[in-house]
Amino acid sequence: SHETALLKVNLYNEQDEITEATIRILESEYSAKGNRFDELLRLETDLIQFDLEILKAVTESHLAKTEIERFFKN
């Protein structure tokens, strides 16, 4: 439904923000000490996945909205 899709968008946006903050911390640590690079790469992959999920949820939201509008036009 439209509401579910919007909730997903909000959830993935929050996860995206948290992951970006964690990445910034790990980048600083990697710059200073040169370690935890594997964890940094994993988080970058997670961030890409969250962005994909956001796109999917936005698409679901638009499709649900279109269905609602189509229902009320008929």
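For this chain, numbers begin at 1 and follow the sequence in order.
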Rounded to the nearest 0.5 Å, how far apart are [atom1] of [X] and [atom2] of [Y]?
X: Arg24; Y: Glu27; atom1: CZ; atom2: CD; result: 8.5 Å
X: Gln49; Y: Leu47; atom1: CD; atom2: CG; result: 10.5 Å
X: Ile54; Y: Gln15; atom1: CD1; atom2: CD; result: 8.5 Å
X: Leu26; Y: Thr19; atom1: CG; atom2: OG1; result: 10.5 Å
X: Glu53; Y: Asp46; atom1: CD; atom2: CG; result: 11.5 Å
X: Leu40; Y: Ile23; atom1: CG; atom2: CD1; result: 6.5 Å

Under 4.5 Å between any side-chain heavy atoms of Ile48 and Glu44, yes or no?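 No; the side chains remain at least 4.5 Å from each other.
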Check whether Asp16 reaches the backbone of Tyr12 with its side chain - one donor and one acceptor, N or O, closer than 3.5 Å.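 Flag not set: sc Asp16 to bb Tyr12 has no pair under 3.5 Å.
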Tell me if a side-chain donor or acceptor on Ser61 pairs with a main-chain N or O of Ala57 at a distance below 3.5 Å.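 No.
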